[in-house]
Amino acid sequence: MRRFMIALLGGLLSAGGVSNAAAQDKSTPDADALQDGRKVAGMCRTCHGLDGLARIPIAPHIGGEPVDYLIAQLNAFKTGEREHEMMTVVASGLSDDQISKVALWFSHFEVSGTLPADTSEDDAPELCVGCHSANGISTLEDAPNLAGETNIYIETQLKAFRTGKRVHDVMTPIAKDLTDAEMQAAADWYSNIAIEISEPSGK
């Protein structure tokens with residue numbers, strides 16, 4: 001069980017954060033950069049929604065994700081470090097400036113996760129809460145939110161690490177030892193959390 005929790009903790013982290021001028025305090029984003037990012041986000045809305053709330057089950061929610069995490073993932077798709085038949089094409093056509101600004105746009109949203117009424121934070125995966133918290137909202141700038149992600153999305157990513165389709169220094173060796181049942185248990189916990197993505201307060 002401990003190895004399973006370490007897998008989820010380490011494997012869903014990015015390869016590393018990326019600093020950028022647009023990646024500033026999300027409470028006071030540059031208005032022009034934000035609007036430029038909104039324009040770029042128009043090509044993302046079919047799958048992720050303009051607010052970052054996924055419209056299809058195989059796409060992750062990205063509204064309210066840490067800006068550095070979003071930049072790192074887009075750069076990974078752009079360079080081929082991470083591959084996806086749709087995202088690779090989209091990211092490869094984006095400039096560094098566009099990546100920074102679209103990441104700023106999606107990160108500026110507020111996000112929250114609410115546990116089901118019949119569960120307790122004590123039931124959360126013990127070694128995951130330090131980074132992703134019990135309610136699936138990341139506490140690190142280079143770790144993704146997991147709240148409300150579908151079972152199929154989480155399990156697909158875990159299996160990608162297990163098969164080598166995705167590679168991560170921590171996740172790859174540990175994921176190879178995970179059973180399908182262990183992957184499903186992690187997916188079940190986070191997929192049952194209700195996610196809410198909204199414009200920042202006062203807007």
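Note that the numbering runs from 1 along the sequence shown for the chain.
A donor-acceptor pair under 3.5 Å is absent between the side-chain atoms of His108 and the main chain of Leu34, judged by distance alone. In terms of modelled atom types and a separation under 3.5 Å, the side chain of Trp189 and the main chain of Gly136 share no donor-acceptor contact. Checking side-chain atoms of Asn145 against main-chain N and O of Ser138 turns up a donor-acceptor pair under 3.5 Å.
Contact between Lys78 and Asp96 at its shortest, heavy atoms only, is NZ-OD1, 3.4 Å. Minimum heavy-atom separation, Ser112 to Ile137: C-CD1, 3.9 Å. Summarising the geometry of Asp36 relative to Lys101, their closest heavy-atom pair is OD2-NZ, 3.1 Å, with the distance given to 0.1 Å.
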Assess whether side-chain contact (heavy atoms from CB on, under 4.5 Å) is satisfied between Glu83 and Lys165, documenting all intermediate values.
CA-CA 8 Å; Glu83 295 183 357; Lys165 186 176 181 180; over 6 Å; no
Could you walk me through whether Asp180 and Gln184 pass the side-chain contact (heavy atoms from CB on, under 4.5 Å) check?
CA-CA 6 Å; Asp180 289 347; Gln184 185 176 357; over 6 Å; no
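In this structure, Thr150 has no side chain to side chain donor-acceptor pair (under 3.5 Å) partners at least two apart in sequence or on a different chain. With sequence neighbours excluded, the residues that form a side-chain contact (heavy atoms from CB on, under 4.5 Å) with Ala59 are Cys47, His48, Ala54, Ile56. With sequence neighbours excluded, the residues forming a side-chain contact (heavy atoms from CB on, under 4.5 Å) with Ser191 are Asn151, listed by chain and number. Taking Arg55 as the reference, Asp51 meet the salt bridge (charged side-chain N to carboxylate O under 4.0 Å, His left out) condition, with sequence neighbours excluded. Contacts of Ala41 classified as side-chain contact (heavy atoms from CB on, under 4.5 Å), with partners at least two apart in sequence or in another chain: Leu50, Val102, Trp105, Phe106. Contacts of Asp123 classified as salt bridge (charged side-chain N to carboxylate O under 4.0 Å, His left out), with partners at least two apart in sequence or in another chain: none. Glu85 is linked by a side-chain contact (heavy atoms from CB on, under 4.5 Å) to nothing, counting only residues two or more places apart in sequence or in another chain.
Linking Ile, Leu, Val, Met, Phe, Trp and Tyr residues whenever their side-chain heavy atoms come within less than 4.5 Å places Met86 and Ile99 in a single cluster. The hydrophobic clustering, which links ILVMFWY residues whose side-chain heavy atoms are closer than 4.5 Å, places Ile71 and Met43 together.
Residue pairs meeting the salt bridge (charged side-chain N to carboxylate O under 4.0 Å, His left out) criterion with at least one member in residues 146-155, sequence neighbours excluded, do not occur.
Judged by distance alone, the side chains of Asn135 and Ser133 do bring a donor and an acceptor atom under 3.5 Å apart.
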